[in-house]
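Below: one structure, written as C-alpha cells.
Naming: A, B, ... by sequence-line order, numbering from 1 per chain. Every heavy atom of this structure was used, including side-chain atoms; hydrogens, water molecules and symmetry mates were not.
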Number of protein chains: 2
Amino acid sequence: MSDLVEFRNLKYLIAVAEEGNITRAAKRLYLAQPSLSTQMRGLEEALQVPLFIRDRNGVHATPAAEILITGGRELLKLRDGLIATARALHRVTFTPMRLGFSSFVDHALYEMVCSVHTSLFPECEIASRSGDNVELLLLLQKGEIDAALLALPISGSGFKTYPFTKSRLVVCMKSDDPLARLKEIAPAELQAKLTIFQEPKQHPEAHLRLMEMLDEVGIRGDVASKTTTPHNIQWMVESGQGYALVREGSEMHVGLVTRPVTGVTWTVDSALILGKSTSQKTVPGLIRELRKRLRLQVSPSSVSKPPRSVRPDIEDENLRLFA
Amino acid sequence: MSDLVEFRNLKYLIAVAEEGNITRAAKRLYLAQPSLSTQMRGLEEALQVPLFIRDRNGVHATPAAEILITGGRELLKLRDGLIATARALHRVTFTPMRLGFSSFVDHALYEMVCSVHTSLFPECEIASRSGDNVELLLLLQKGEIDAALLALPISGSGFKTYPFTKSRLVVCMKSDDPLARLKEIAPAELQAKLTIFQEPKQHPEAHLRLMEMLDEVGIRGDVASKTTTPHNIQWMVESGQGYALVREGSEMHVGLVTRPVTGVTWTVDSALILGKSTSQKTVPGLIRELRKRLRLQVSPSSVSKPPRSVRPDIEDENLRLFA
DNA sequence: TTTTGCCATAGGTACGAAGTATTGGACAGG
DNA sequence: CCTGTCCAATACTTCGTACCTATGGCAAAA
C-alpha cells in the first residue's frame, strides 16, 4: 500500500500545497497542469484519503494532507542527506564539466545551463570556455571540452545535438530611423542597408545559410561590417553603419529597436553539442534535466526539427533563443 | 539528482543487500532477475557510486551502499508510519472485503489471495463466503459480495474476470486399479468408468463444457455419481464407484493416484471475478498486487505454461479459458 | 566434460506518467 | 447579461522506462 507513495508524489503534494494552486505548482515543477491534477487525484485514490479541498481559486490542503506534507518535507530532506553522505563516503570527485559557448548564444541560456548543472551536481565545477563555432567544434572533436552551446547548423557529423527552441531574426535599427515607425519592414527596404554581420569565419555554415535566405527574398548580402559579438553589433548599428539582424527578444541598447521583416520568418537554433567521447559523467543527468525543463530534443546530427510548444514560464523569462 | 532515487530503489537495494544475491532478491520482490540487475546498475549509474562488489556467488554491498541501506530502512519505516498517521487522521474505516470462493477452487489460491489482501490492507477484514458457482454469481450480481474466486467459464456477462491459474485435469483412480500401472491412460479406457462428477447444477457451464470435451475424444459423459466437494469425489473413487477428473497437483487421499490422459490436455481455470459495482476500495490494489505476484509463477510445480496466461484480459469475458 | 548457479546483455512489451486539447464552473468587468 | 479570465477536471495521445523473456559468459562443483 505504501509502495504507491514515492518521493515524487510527496514532492508534488508539497508543491501543490505550498502554491495553493495546481497550475502554479505545475509550472514550478516543470509539468503540465493536467498531469499534476491527475497525480494528485491518483494519490488521494491510492491513500483513500481526501488531500485537498478544491474551490474556485485553488486548492487547500486537508489536515491529513498537512501531516503528509510536513512528514514529506522531512523525508525529502533525509533522502538528500542520505545520498550526499553515501556519495561523500565514496569520495566521488568529479572532473570539471568543460563547457564551451559561442558568444552568439544567448547568455541567459548559458547561465541556465550552468545553473541547472550546479543544482544537479553541486560538487562538480564548470570550466567554461568561449570562442567561435569553428574553434569550439575543434575542441569538441579533440575532446578538450565535454559539450558546447552553439548556433546551428554545424558542420561535421557524428555530434550529438540537442537543439533548443527556435527564435526569430529581426532587424535591428536606431529608434530614430525613419523605418522604425513601421511595425514591419519590407524585405526590399533592407537592400543595401543590411550591412552588419557577424564575422563569417566564426561560423561559415550559418553565414552561408543566412546569405541564402537573404537571396531568396532578393537581397544581396552586403557584408560591409563584420564583428564578433552581439554587443559590438549593436554598437555598430548605433553608430549608423546600417542595419543588422538580431535575435528577437534579445536585450537591446537604448536607442535601438527591432522590427520583424514582412513575409519571412528567419530563425536560428541554439543547441547543446556533445563531444564525441566524453568521460564526463554528469552529461546524461544534465541532458535529462534540460529536456524536462526546456523540452529539449535529440537529433542525430544537425537536422532541425519542429519544436514542441515552449513552456510558458520560459517565454516569460525571455529564454527563447536562436533556433 | 536525488530525484533519481525513489523509495522503490531503496527497497530493491535493501533486498539485494540482505539476500547477497540478486536472483534471490528478485524472487523475494516478485521480479525477474534481469530487471533487478538493471535496476541496481542504474542506481549505481545515477549516484555515480559503486554499490556492490560482484563475485562468482553473489554480490556484496560496499560501504557507501551500507549507508544507503541503513538510511533507506529508516526512510521506508518513516514513510509507512507517515502514511499510517495521515490515514488515521482521516479515520478511514474499511468496509470488510466480502470474498466468495467456490469449493472447486484450489484452497491454496484462496489463502494466497487472502494473505495478499491482508498484507496490503491490514485494517481491512475479509468476510469470506463459500458456495457453488451459481450461488456466488448471484451474490456478485446482487452486490452482496465484492469478488469471488470461481472456476471458469462463467455465465452472465459484464463481470470483470481475472483468470489466473490454468491447471490440467487428470484422472483420479485407486492405486490398486489395473490401469494405475500405466503412466498415461488412453481416452478409450475411460469409457463407462469415468462416472463421478461434480454436481452439474453447481456449475452448469463448466459441466457442459466438460461433457463436450469428453465427447470430442469419443467418451460419453456418464454421470452416475454426483457430489459437491473435491473431498467427496475422492471418497467416491475410494469406494470403487469409478474414476473422476481432478486438478493435477491437488492433494490426494492415500490409496489414490492420478494419471494424465493420453493426447489431450484438458485444463481448468480459476479466476477472480469482480462484482459489477463494488464500493470496495481495496479491489484495485489487490488486483494490482496479485498480477505482480502471480506473473512470476513460472516455476512452482507445473509443466511449462504460457507465462502470460496469468495476465488478465479484461475484454475477454470467458471462452478462451477452457482449452 | 557437463552441469549448476551466478550476473549481464539484448530486444521487446506494456503500463504509467507525461503531454495536448478541450470542457465546465465560478466569478468579475464592461 | 454576456464575455473574458482563471481555475480544475476530462479525454484523448505519446513517450519513457520498468519489466518481461531469452540468451550468453563465467566460475566452481559434479
Side-chain angles (χ1 to χ4, degrees), chain A residues 3-9 11-12 16 19-27 29-46 50-60 284 287-289 291-298 306-312, chain B residues 3-9 11-12 16 19-27 29-46 50-60 284 287-289 291-299 304-315:
Chain A
D3 283 346
L4 301 176
V5 181
E6 288 289 354
F7 282 115
R8 182 171 37 83
N9 304 112
K11 197 174 101 180
Y12 290 177
V16 170
E19 298 287 346
N21 173 318
I22 293 186
T23 309
R24 229 165 20 235
K27 237 164 231 166
L29 294 165
Y30 305 103
L31 286 177
Q33 169 262 317
S35 309
L36 195 52
S37 255
T38 53
Q39 282 293 319
M40 290 301 102
R41 205 159 270 301
L43 195 57
E44 289 180 312
E45 190 85 359
L51 297 174
F52 295 107
I53 298 149
R54 284 118 165 122
D55 72 1
R56 41 226 115 274
N57 46 341
V59 296
H60 170 224
I287 298 289
R288 196 190 157 89
E289 187 68 16
R291 289 232 302 219
K292 177 164 187 180
R293 298 211 189 174
L294 297 177
R295 313 276 82 195
L296 196 65
Q297 38 193 231
V298 208
R308 285 163 86 123
S309 71
V310 190
R311 292 252 81 92
Chain B
D3 283 346
L4 301 176
V5 180
E6 288 289 352
F7 282 115
R8 183 172 38 82
N9 304 111
K11 198 173 100 181
Y12 290 177
V16 171
E19 299 287 347
N21 174 317
I22 294 185
T23 309
R24 233 168 14 240
K27 232 164 236 160
L29 294 165
Y30 304 102
L31 287 177
Q33 169 264 314
S35 310
L36 195 52
S37 254
T38 54
Q39 284 291 318
M40 290 301 100
R41 208 158 265 301
L43 195 58
E44 289 180 313
E45 190 84 359
L51 297 173
F52 295 107
I53 297 151
R54 282 114 165 128
D55 72 1
R56 31 229 122 273
N57 47 341
V59 296
H60 169 224
I287 297 288
R288 195 191 158 89
E289 186 69 15
R291 292 220 319 209
K292 177 167 185 179
R293 296 211 189 175
L294 295 178
R295 182 174 315 170
L296 192 67
Q297 202 196 31
V298 201
S299 46
S304 64
K305 313 173 195 174
R308 298 282 167 165
S309 69
V310 176
R311 277 240 128 81
D313 204 338
I314 299 142
E315 285 3 294

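- A heavy-atom distance below 4.5 Å is found between the side chains of B:L36 and B:L29.
- One atom, CE of A:M40, and another, C1' of D:dT10, lie 17 Å apart when rounded to the nearest Å.
- The backbone N or O of B:P50 sits nowhere less than 3.5 Å from a side-chain atom of B:E44 that would complete a donor-acceptor pair.
- Within 4.0 Å of A:G58, counting heavy atoms only, lie sugar-phosphate atoms of the nucleic acid but no base atom.
- The side chain of B:Y12 contributes an N or O atom lying less than 4.0 Å from OP1 or OP2 of D:dC19.
- Of the possible polar contacts, none joining the A:S35 side chain to the A:L31 backbone as a donor-acceptor pair under 3.5 Å is found.
- One N or O donor and one acceptor, one from the side chain of B:Q33 and one from the base of C:dA8, sit under 3.5 Å apart.
- Checking B:K11, B:K292, B:R288 one by one against A:D3, the salt bridge (Lys or Arg N to Asp or Glu O under 4.0 Å) holds for a single residue, B:K11.
- Counting only heavy atoms from C-beta on, A:R41 has its side chain closest to D:dA9 among D:dT21, D:dG16, D:dA9.
- Here B:R288 reaches the OP1 or OP2 of C:dG16: one of its side-chain N or O atoms lies under 4.0 Å away.
- Rounded to an integer number of Å, the gap from B:D55 CG to C:dA8 P is 11 Å.
- Taking atom CG of residue B:D3 and atom C1' of nucleotide D:dT17, one finds them 16 Å apart after rounding to whole Å.
- Counting only heavy atoms from C-beta on, A:R8 has its side chain closest to C:dA17 among C:dT20, D:dT17, C:dA17.
- DNA chain C is contacted by both B:R24 and B:T38; B:R24 maps to the nucleotide lying nearer its 5′ end (nearest heavy atom per residue).
- The side chain of B:L31 has D:dC19 as its nearest neighbour among D:dC19, D:dT17, C:dG16.
- The side chain of A:A32 lies closest to C:dG19, out of C:dA10, C:dA18, C:dG19.
- Whole-Å rounding puts the A:L4 CG to C:dG16 C1' distance at 13 Å.
- As a whole-Å value, the separation of A:K292 NZ from C:dA17 C1' is 10 Å.
- Rounding to whole angstrom units, CD of residue A:Q39 and C1' of D:dA9 are separated by 15 Å.
- In this structure, A:E19 places its CD atom 16 Å from C1' of D:dC6, rounding to the nearest Å.
- Residue B:S37 places at least one side-chain N or O under 4.0 Å from the OP1 or OP2 atom of C:dA8.
- For the pair A:S35 and A:R56, nearest-nucleotide mapping onto DNA chain D gives the more 5' position to A:R56.
- A donor-acceptor pair under 3.5 Å is absent between the side-chain atoms of A:E19 and the main chain of A:A26, judged by distance alone.
- Among the heavy atoms of the strands, none lies under 4.0 Å from B:F52.
- When atom types are taken as modelled, the side chain of A:E6 and the backbone of B:R8 share a donor-acceptor pair closer than 3.5 angstrom.
- Between the CD1 atom of B:I22 and the P atom of D:dA18 there is a distance of 16 Å, rounded to whole Å.
- The side chain of B:R54 contributes an N or O atom lying less than 4.0 Å from OP1 or OP2 of C:dA8.
- Distances were taken from every side-chain heavy atom of B:N21 (C-beta onward) to each of C:dC6, C:dT9, D:dA8; the shortest belongs to C:dC6.
- Residues B:N57 and A:L36 both approach DNA chain C. Their nearest nucleotides, taken by heavy-atom distance, put B:N57 toward the 5′ side.
- Here the nucleotide nearest the side chain of B:T23, chosen from D:dA8, D:dA18, C:dC7, is C:dC7.
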